[in-house]
**Student:** 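Before anything else, here's the structure in question.
Because only heavy atoms are used, hydrogens play no part in the values below, and waters and symmetry mates are left out as well, while side chains stay in. Residue numbers begin at 1 in each chain, while the letters A, B, ... track the order of the sequences.
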Amino acid sequence: MIEYDHKKVEKKWQAYWEKNKTFQAVDFSDKEKFYCLVEFPYPSGDGLHVGHPRSYTALDILARKRRMEGFNVLFPMGFDSFGLPSENYAIKTGIHPNVITKENIDKYTKQLKSLGFSFDWDRVFSTTDPGYYKWTQWIFLKLYEKGLAYKQKIPINWCIDCKIGLANEEVVDGCCERCDGEVTKRLIEQWMLKITSYAEKLIQDLDDVQFLDKIKTQQVNWIGRSEGAEVKFSVDSVTKDILVFTTRPDTLFGATFMILSPEHELVSAITTKEQEAVVESYVKESAKKSDLERTELEMEKTGVFTGSYAINPVNNEKIPIWIADYVLISYGTGAIMAVPAHDTRDFNFAQKYGLKIQCINRPVQELAENEGILVEDVLAGKVCWPHEGQCINSSNDADLNINGLNVETAKTKTTQWLEEKGIGKEAINYKLRDWVFSRQRYWGEPIPLIHCHECGWVPVPEQDLPVLLPTVEKYEPTETGESPLAAILDWVNTSCPECGRDARRETDTMPNWAGSSWYFLRYIDPHNDSVFADGKKLGYWMPVDWYNGGMEHTTLHLLYSRFWNKFLYDCGLVPNSEPYLKRTSHGMVLGEGGEKMSKSRDNVINPDEVVERYGADVFRLYEMFIGPFDQAAAWDTKGIVGIDRFLRRLWILFTSSEKIAETHPEKETLRLLHQTIKKVSEDIEKLRLNTAVSQMMIFQNHLSDLNEVPEEVLQNYLILLSPFAPHFAEEINQLWGNQVTMTYKEWLRYDEKLASEEEVEIAVQVNGKLRGSIIIAKDSKEETVSEESRKIKNVNKHIENHTIIKTIYIKNRLINFVIR
RNA sequence: GCCGUGGUGGUGGAACUGGUAGACACGCUAGAUUUAGGAUCUAGUCUCCUCUGGAGGUGCAGGUUCGAGUCCUGUCCGCGGCACCA
């Protein structure tokens with residue numbers, strides 16, 4: 001018998017596939033298309049993480065199955081190569097990010113190829129390729145042209161010592177990761193993308209796609225739509241009104257004070273002389289906190305009085321204006337009306353600072369009792385009642401009276417009144433915020449705009465794209481907080497494309513998210529230099545039929561890329577509003593202790609070592625066998641030997657020619673074959689690959705026990721195995737004398753009749769407790785089963801001397817005698 | 001804190017719409033084979049007991065049901081995301 005040499009065999013077939021372009025996707029083929037997409041990796045210096053192949057193997061199995069089912073499959077791969085780690089490495093070593101990125105991509109490519117994924121490598125690209133980011137810049141200019149890009153002052157994390165802006169990740173416990181110095185917020189003008197104008201569509205169109213429910217829910221919750229009203233409050237000391245968003249306009253009569261976020265534009269204008277000092281220091285303090293800390297419900301709320309008063313528009317009462325950092329500038333209008341009697345946060349705040357609490361909602365007696373609350377306490381403002389109630393104390397002299405109404409009707413009536421008086425209107429608010437698209441960093445796509453004193457912001461003309469990243473000496477941001485690009489004067493200084501006068505380039509670059517927001521479109525036409533992708537090709541391949549990625553990308557990346565695709569659709573440039581027909585997600589691969597893999601924990605598994613020792617097929621099978629695909633799984637070095645043994649037993653089974661015979665399979669073997677075809681086929685569609693592998697093991701255990709193995713059964717087995725262990729399958733196939741690849745062999749169908757059992761084991765229970773079991777023909781009648789099961793000694797023992805009140809019979813499953 | 005998700009033997013996990021909990025694999029125990037093995041094969045392996053039988057058992061506490069890992073209420077813990085990591 002020949003020994004299986006995984007190193008030789010795998011290399012051989014990888015070379016074969018590459019040479020023959022076995023996995024090439026054909027534009028406009030007559031076959032039905034299938035676009036199968038996995039998230040492309042960021043090529044980090046550490047090399048491929050064992051988590052990447054989890055997603056790639058699963059969809060590779062799917063892609064291979066689809067090819068065998070006769071589809072024209074597009075299964076591409078690329079690299080998301082702009083990003084902080086490469087830039088930080090450049091800062092540390094002075095090596096250009098281009099150099100290190102190229103090295104990393106080469107390493108990743110080699111690693112990915114060593115795993116035998118059926119990618120169409122002719123379509124590979126990186127987001128850092130000028131030929132690619134030319135079109136990222138072009139799409140940005142489209143957004144700009146359509147008014148979806150604008151500048152706004154946004155707070156960023158600012159390290160006072162390093163004088164640079166920091167990513168959230170670089171802020172550790174409120175301090176700079178590098179120098180441990182103090183981090184504060186600093187307002188910087190940033191380019192923003194109006195994703196909020198697509199909020200409604202981003203929710204609604206989820207109805208048309210097959211995303212896992214949990215993914216849809218995350219998207220919907222992230223967008224966070226809420227209906228309510230915008231209300232204007234006038235302020236005695238300034239001319240400008242304060243705009244407030246509330247989901248409970250019906251509680252206006254209970255608004256006894258108002259709170260502005262410390263970043264609110266009117267804070268300094270309305271602060272009185274006496275309060276100036278406290279307000280200023282409070283604003284400074286809260287700039288140091290993160291939003292997360294500020295909204296922590298457990299944390300004690302803090303705030304200071306501004307000295308000014310606003311007028312409650314429903315009752316003309318003077319209410320004090322405070323500032324407090326639990327009100328965020330990024331949500332709603334950055335200002336709230338506080339209704340302490342019916343909002344717990346406002347209630348705690350009012351109690352702490354001795355502010356008025358006015359009850360305007362009488363709790364329903366029963367509900368209050370359930371909560372252990374006395375109605376009179378709520379009425380007296382001693383206890384907060386944030387639930388449903390009946391309006392009281394809610395009328396004024398200006399024709400508004402909502403007393404006695406429930407919350408819903410009171411809301412509508414109040415909003416109508418506000419609209420009539422011109423002091424408010426119905427409004428929908430989203431938690432979703434516009435996308436901060438600027439980075440003061442080097443390693444990103446330059447934003448292709450030029451600022452001219454005469455013409456303002458002017459787009460770089462299309463023929464001048466891409467705006468290439470210039471070579472710089474230093475990668476640190478400048479001391480002013482601008483990107484390193486600002487220091488390259490001969491790059492920054494240019495002329496205005498419109499009037500020709502001296503002008504300055506935008507020095508901000510795009511966030512890492514930009515490149516990944518449209519890469520699935522570029523795979524369709526990766527080498528096109530005159531358009532981001534040919535319209536006809538897009539028409540053939542889009543939408544993506546199945547997109548798998550990490551659960552950690554189900555909010556941001558998914559939302560951003562859906563937004564860009566919808567925008568391009570509205571421009572008439574792509575054929576579908578939704579880019580992805582189906583989206584699934586996989587769980588992370590953790591270290592052996594069940595913790596995240598990291599160098600510091602010293603629990604990183606290097607895929608190269610696993611492939612070296614066991615081979616790619618074992619690695620692939622193990623990653624599928626490790627656990628349910630959508631859940632996190634801990635790596636287990638011991639567990640992999642089980643797969644190694646499985647494949648070795650298969651090798652023995654397939655190569656022991658003395659046992660293989662041209663006979664017809666026995667009934668049991670045939671049944672198991674059809675059960676296996678069924679299970680493996682269905683499990684692949686549901687990505688339940690762990691149980692698909694188990695089933696193949698069960699079948700292997702059976703076949704290995706036979707003295708005579710029918711050849712046709714083995715041939716079928718090999719077809720089922722081939723998407724999982726493609727190198728192994730090709731090798732056996734060739735040993736059997738076949739000269740062509742298995743890639744386009746026909747996938748199997750199962751016969752339901754042959755797959756079904758003739759006899760079943762039925763559990764016999766007495767009062768729900770298992771007392772025995774019988775084996776009986778499938779679909780037997782109740783009487784037969786009842787009769788047979790009562791013959792069991794142990795069952796009879798429990799039944800005799802009792803009356804059977806009820807018999808429950810579940811066909812082919814169990815019978816339960818309920819006795820007294 | 002908010003949104004999402006999960007908790008089953010010594011371990012990874014299986015269990016269709018409520019119907020025999022522990023498939024498959026690792027590990028462990030015993031045996032066979034081998035000069036040897038971290039190789040291979042065979043058998044056993046949820047716990048406890050008064051052991052041809054019985055009791056308990058799916059994070060914890062309750063509930064619904066003839067019957068609950070699965071449904072309901074409450075609670076604890078782990079994991080992912082929280083907008084400048086990708």
**Student:** Taking the side chain of Arg771(A) as heavy atoms from C-beta outward, which of A83(B), G54(B), G4(B) is closest to it?
**Tutor:** G54(B)
**Student:** Scan Pro628(A) against the nucleic acid and name what it touches under 4.0 Å (heavy atoms): base, sugar-phosphate only, or nothing.
**Tutor:** sugar-phosphate
**Student:** Where along nucleotides 65-76 of chain B does protein come under 4.0 Å, by heavy atom, of base (B) or sugar-phosphate alone (S), with - for untouched nucleotides?
**Tutor:** -B----------
**Student:** Relative to each other, are the rings of His52(A) and Tyr56(A) parallel, tilted or perpendicular (30° and 60° limits)?
**Tutor:** parallel
**Student:** Counting only distance, no hydrogens or angles, is the base of A86(B) paired donor-acceptor with the side chain of His553(A) under 3.5 Å?
**Tutor:** yes
**Student:** Please determine whether any donor N or O and acceptor N or O are separated by less than 3.5 Å between the side chain of Arg813(A) and the base of C16(B).
**Tutor:** yes
**Student:** Specify the separation, in whole Å, of atom CD of Glu761(A) and atom P of A23(B).
**Tutor:** 14 Å
**Student:** Compute the centroid of each ring, for Phe619(A) and then for Tyr614(A), and state whether the two points are separated by less than 6.0 Å.
**Tutor:** no
**Student:** Which residues within residues 788-799 of chain A lie with some heavy atom under 4.0 Å of an atom in RNA chain B?
**Tutor:** Asn794(A), Lys797(A), His798(A)
**Student:** So, OP1 or OP2 of G1(B): does either fall under 4.0 Å of a side-chain N or O from Arg345(A)?
**Tutor:** no
**Student:** Have a look at Lys811(A) and say if it touches a base, only the backbone sugar-phosphate, or nothing, with a 4.0 Å heavy-atom cut-off.
**Tutor:** nothing
**Student:** How would you label the contact of Ile626(A) with the nucleic acid (heavy atoms, under 4.0 Å): base, sugar-phosphate, or nothing?
**Tutor:** sugar-phosphate
**Student:** If the plane angle is over 60° it's perpendicular, under 30° parallel, otherwise tilted; pick one for Phe699(A) and Tyr717(A).
**Tutor:** parallel
